[in-house]
Amino acid sequence: MKYSHIIWDWNGTIIDDARLCVDLVNELLDEFNLERVTIAYYLNNFSFPVKSYYASLGLPIDSKNYKALSEKFIINYRKSFANCKLQKGARNCFQYFQRNSIKQSVLSAGNQKDLNDFISFHNVSLFFDFASGVDDVFAQGKAELAKHHFNKIGLPASEVLLVGDTLHDAEVAGELGLNCILFSGGHNSKELLLKPSYPVIESLEELSNWVQD
């Protein structure tokens, strides 16, 4: 195998939650009588930090309002996350890597406690050595967190593969010097994901082909 460790993103990569996120953003937009977004618009424009994305939609991002928006989003997400399923082929990938002695972990821009709860709910904890999230709900990104996560793995960059679904995942991989596979079934469109120089897959079932020698 080419790799000894797979770093997985959670939202959009492992869990199929882009449509839920569109619905929740539209609820926020409704409160301010702003134009709703379509799933196509979301996939072509969603980015980190989320604060900047909200600003592009016309939402207020002063400290007080952004805090309220972030808290409302995550409260509503927690109420509905159980309706979201694992991406097709995700569990098979976890099992394949585990059978081939490839370690796995999760790196997320989401809150650590929520991440732990979501992983536990979907009964996939046994596949991951550890999971890294943040200590707030502001979705600022995970660049700094990624450095600590990678250091914890303790392997050369050449032995680690990052699997994500956004341009931010590509940016994180680039900063760490990691190889990266981008999945087009999450929070960014294939059109956007083709801009970096990383391979793009349309199904997680393709992933095993990229980790073999």
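Residues: numbered from 1 along the sequence shown. Because the structure is a prediction, the values reported are computed rather than measured.
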Quiz item: Is the number of heavy atoms from other residues, nucleotides or ligands within 6.0 Å of NZ (Lys2) greater than 12?
Solution: yes
Quiz item: Is there a side-chain contact between Asp62 and Asn65 (heavy atoms, below 4.5 Å)?
Solution: yes
Could you tabulate the donor-acceptor pairs under 3.5 Å formed by side-chain atoms of residues 121-128, not counting sequence neighbours?
none

Exercise. Say whether Tyr77 and Leu69 are linked into one hydrophobic cluster, either directly or through other cluster members, by side-chain heavy-atom distances under 4.5 angstrom.
Key: yes
Quiz item: Can you tell if the side chain of Val50 reaches within under 4.5 Å of the side chain of Ser52, non-hydrogen atoms only?
Solution: no
Quiz prompt | Note, Leu178 side chain near Leu161 side chain (heavy atom, < 4.5 Å) | solution = no
Practice problem: First locate atom CG of Leu207, then atom CZ of Phe183, and finally report the distance between them rounded to the nearest 0.5 Å. | Solution: 10.0 Å
Quiz item: Under a 4.5 Å side-chain heavy-atom rule over Ile, Leu, Val, Met, Phe, Trp and Tyr, are Ile39 and Leu192 clustered together?
Solution: no
Exercise. Could you give me the CA-CA distance, side-chain angles and deciding distance for Ile14 and Phe94, then say whether side-chain contact (heavy atoms from CB on, under 4.5 Å) is met?
Key: CA-CA 10 Å; Ile14 291 176; Phe94 304 153; 3.8 Å; yes
Practice problem: Could you state whether Val160 and Leu107 fall into the same hydrophobic cluster, counting links through intermediate Ile, Leu, Val, Met, Phe, Trp or Tyr residues with side-chain heavy atoms under 4.5 angstrom apart? | Solution: yes
Self-check item: Heavy atoms of other groups near Glu35 CD, more than 12 under 6.0 Å
Solution: no
Quiz prompt | Within the 6.0 Å centroid threshold, strictly below: Phe73 and Tyr66 | solution = no
Quiz item: Would a line drawn from the ring center of Tyr3 to the ring center of Trp210 be shorter than 6.0 Å?
Solution: no
Quiz item: Would you call the rings of Phe48 and Phe46 parallel, tilted or perpendicular, where under 30° means parallel and over 60° means perpendicular?
Solution: perpendicular
Quiz item: If you measure from the Lys or Arg side-chain nitrogens to the Asp or Glu carboxylate oxygens, is any gap between Lys113 and Asp135 under 4.0 Å?
Solution: no
Quiz item: Are Leu204 and Leu182 co-members of a hydrophobic cluster defined by side-chain heavy atoms under 4.5 Å apart?
Solution: no
Exercise. For the residue pair Asn26 and Asp23, confirm or rule out a side-chain donor-acceptor distance under 3.5 Å.
Key: no
Practice problem: With the side chain counted from C-beta on, respond yes when Val211 and Tyr96 share a heavy-atom pair under 4.5 Å apart, and no when they do not. | Solution: yes
Self-check item: Rounded distance [0.5 Å steps], NZ in Lys142 versus NE2 in His149
Solution: 9.5 Å
Quiz item: Between His168 and Ser47, do the side chains contain an N or O donor and an N or O acceptor separated by less than 3.5 Å?
Solution: no
Self-check item: Six-ring centre of Phe97, Lys103 cation under 6.0 angstrom, axis tolerance 45°
Solution: no
Quiz item: How far apart are the closest heavy atoms of Ser184 and Val200, and which atoms are they?
Solution: CB-CG1, 4.0 Å
Quiz prompt | Test log, rule side-chain contact (heavy atoms from CB on, under 4.5 Å), inputs Tyr198 and Ile181 | solution = CA-CA 6 Å; Tyr198 296 115; Ile181 301 289; over 6 Å; no
Quiz item: Shortest non-hydrogen contact from Leu167 to Asn188?
Solution: N-OD1, 3.0 Å
Practice problem: Ignoring hydrogens and angles, tell me if any N or O in the side chain of Glu206 forms a donor-acceptor pair with the backbone of Ser203 under 3.5 Å. | Solution: yes
Exercise. For Ala143 and Glu175, work out which heavy atoms get closest and say how close.
Key: CB-OE1, 3.6 Å
Quiz prompt | Nearest non-hydrogen partners of Gly12 and His187, listed with the distance | solution = CA-CD2, 3.3 Å
Exercise. Could you give me the CA-CA distance, side-chain angles and deciding distance for Val163 and Ile7, then say whether side-chain contact (heavy atoms from CB on, under 4.5 Å) is met?
Key: CA-CA 6 Å; Val163 182; Ile7 300 175; over 6 Å; no
Quiz item: Roughly how far, to the nearest 0.5 Å, is the CG atom of Leu57 from the CZ atom of Arg36?
Solution: 12.5 Å
Quiz item: Which is it for Asn179 and Leu162 under the side-chain contact (heavy atoms from CB on, under 4.5 Å) test, yes or no, and what are the steps along the way?
Solution: CA-CA 6 Å; Asn179 285 323; Leu162 190 152; over 6 Å; no
Exercise. Measure the CD-CG distance between Glu202 and Leu193 for me, rounded to the nearest 0.5 Å.
Key: 10.5 Å
Practice problem: Check each of Thr166, Asp165, Asp16, Asp17 against Asn11 using the side-chain hydrogen bond (donor to acceptor under 3.5 Å, both in side chains) test, and report the only one that passes. | Solution: Asp17
Quiz item: Do you know the tightest heavy-atom contact between Glu205 and Gly89?
Solution: CG-CA, 4.0 Å
Exercise. Could you tell me whether Glu27 and Lys72 make a salt bridge, using a distance below 4.0 angstrom between a side-chain N and a carboxylate O?
Key: no
Quiz item: Between atom CG of Leu24 and atom NZ of Lys79, what is the distance when rounded to the nearest 0.5 Å?
Solution: 10.5 Å
Quiz item: Are Leu176 and Phe130 joined in one hydrophobic group, where the rule is that I, L, V, M, F, W and Y side chains link up if heavy atoms are under 4.5 Å apart?
Solution: yes
Exercise. Determine the minimum heavy-atom distance between Ala55 and Ile61, stating which atoms define it.
Key: CB-CD1, 3.6 Å
Self-check item: Check: Val22 and Tyr41 side chains under 4.5 Å, non-hydrogen atoms
Solution: no
Quiz prompt | CD (Gln98) with more than 12 external heavy atoms under 6.0 Å | solution = yes
Practice problem: Rounded to the nearest 0.5 Å, what's the gap from CH2 on Trp8 to CH2 on Trp10? Could you check? | Solution: 10.5 Å
Quiz item: For residues His5 and Asp129, is any side-chain donor paired with an opposing acceptor at under 3.5 Å?
Solution: no
